[in-house]
Number of protein chains: 2
Amino acid sequence: MRLSNLADYAVVTMCQAARHCGGGRVSAAELASETGLPAPTVQKVVSKLTSAGLMRSVRGAGGGLQLARPAAAISLADIVEAVEGPIALTACVDSEDCAIHDNCSVKPHWPIVNNALRGALADIPLTRLARTEDMARTEELA
Amino acid sequence: MRLSNLADYAVVTMCQAARHCGGGRVSAAELASETGLPAPTVQKVVSKLTSAGLMRSVRGAGGGLQLARPAAAISLADIVEAVEGPIALTACVDSEDCAIHDNCSVKPHWPIVNNALRGALADIPLTRLARTEDMARTEELA
DNA sequence: GTGAAATCGGAACGAATCAGTCCGATTTAC
DNA sequence: GTAAATCGGACTGATTCGTTCCGATTTCAC
């Protein structure tokens with residue numbers, strides 16, 4: 001029930017990239033120094049984010065990265081799925097190598113749980129995560 | 001974003017125990033043979049469930065297990081937390097050994113995400129998972 | 001045309017958590 | 001008092017994950 005570290009770093013990286021959205025392209029090294037994350041880790045993260053279509057990359061000198069869509073159109077579910085694959089609590093959905101196969105009475109209920117979970121993450125846009133600390137505090141109290 | 005196998009087995013075990021709720025106590029070996037799970041694994045699972053207060057155990061000859069509360073009062077979040085600990089996507093909440101410490105702008109937003117996620121799981125009672133397959137199918141279509 | 005800069009893809013090492021199994025301690029029934 | 005059956009905790013092996021590094025490709029600047 002815990003997010004992988006890579007997915008956590010992906011969220012941080014995307015938030016930082018959202019701040020540079022107006023300023024055009026940003027290099028991966030720049031994002032690393034701003035967030036405090038190791039540079040190789042950021043490289044691996046942005047690699048997954050670009051292949052998932054969440055970021056656009058421009059190669060060569062003067063190149064860099066930028067969000068493929070507006071920050072408001074990117075949800076937390078998109079970032080998590082880009083790094084960790086489909087949101088599914090169990091392996092039942094895509095593979096049949098379960099220990100109890102067909103005798104499992106819980107199996108038909110997992111899709112409902114997965115959808116509920118995904119919906120909770122899809123309701124959180126990137127813009128909400130990129131706010132300042134003060135705004136978040138008032139948000140918690142509400 | 002995936003549940004551990006032990007948590008998965010815990011859900012299956014609790015569902016099976018819910019069916020024996022009216023019949024008094026059930027042995028761990030009985031639950032193992034009915035679900036098809038390995039007996040030692042079931043032992044490990046029920047150990048965590050009893051220590052969490054979800055099950056009551058009676059030792060000695062003729063002893064067994066039974067649900068501590070009615071199945072309707074046990075949610076999926078309870079079972080997951082009993083096996084995997086508190087529902088938290090990141091380690092930020094309970095420890096400070098984050099790589100980026102205080103410079104992390106996303107940190108204040110995680111409690112909101114965790115609450116949303118926990119709420120989604122808390123809305124699914126054990127009775128809903130113990131239904132038959134037909135009822136679940138109609139539920140999906142709805 | 002040449003050099004420098006920056007991203008992309010894959011592979012390899014190390015660590016940590018997890019699944020599975022076993023044996024001992026405790027308690028009840030006869 | 002004996003015996004049977006249960007729960008509880010500890011140990012070992014394995015799989016996965018996190019992290020790092022290197023070479024290949026592409027573009028701008030001079």
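Note: hydrogens, waters and symmetry copies are ignored here, and every other heavy atom, side chains too, is used. All chains are named by letter (A, B, ...) in the order of the sequence lines, taking the proteins before the strands, and each is independently numbered beginning at 1. This is a predicted model, so every value here is computed, not measured.
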B:Met55 CE to D:dT6 P: how many Å, rounded? 15 Å

Atom-to-atom span, CD of A:Glu30 to P of C:dT7 - whole angstrom: 10 Å

Rounded to whole angstroms, how far apart are CD on A:Gln43 and P on D:dT20? 11 Å

Do B:Arg19 and B:Glu34 sit within salt-bridge range, that is, some charged N less than 4.0 Å from a carboxylate O? no

Straight-line distance of B:Leu129 CG to A:Trp110 CH2, nearest 0.5 Å: 7.0 Å

What is the distance from atom CD1 of A:Ile124 to atom CG of A:Leu76, rounded to the nearest 0.5 Å? 5.5 Å

Base, sugar-phosphate alone, or nothing: which one does B:Ala28 contact when heavy atoms must sit under 4.0 Å apart? sugar-phosphate

Rounded distance in Å - OH (A:Tyr9) to P (D:dG18): 9 Å

Please report, rounded to the nearest Å, how far the P atom of C:dA19 is from the CG atom of B:Leu3. 10 Å

Compare the minimum distances between each of D:dG9, C:dA19, D:dC17 and the side chain of B:Ser47, then state the nucleotide with the smallest one. D:dG9

Considering only heavy side-chain atoms of B:Ser27, the closest of D:dT20, D:dG8, D:dT6 is D:dT6

Which nucleotide in the list D:dT19, C:dT21, C:dC8 gets nearest to the side chain of A:Thr41? D:dT19

Could you tell me how far apart A:Arg56 (CZ) and D:dT27 (P) are, to the nearest whole angstrom? 13 Å

Under the 3.5 angstrom rule, does the side chain of A:Thr50 hit a backbone N or O of A:Val46 as a donor-acceptor pair? yes

Give one of base, sugar-phosphate or nothing for A:Ser51, where a contact means two heavy atoms less than 4.0 Å apart. nothing

Does the base of D:dT25 carry an N or O that pairs as donor and acceptor with the side chain of A:Arg59 under 3.5 Å? yes

Taking atom types as they are modelled, is there a donor-acceptor pair under 3.5 Å from the base of D:dG18 to the side chain of A:Lys44? no

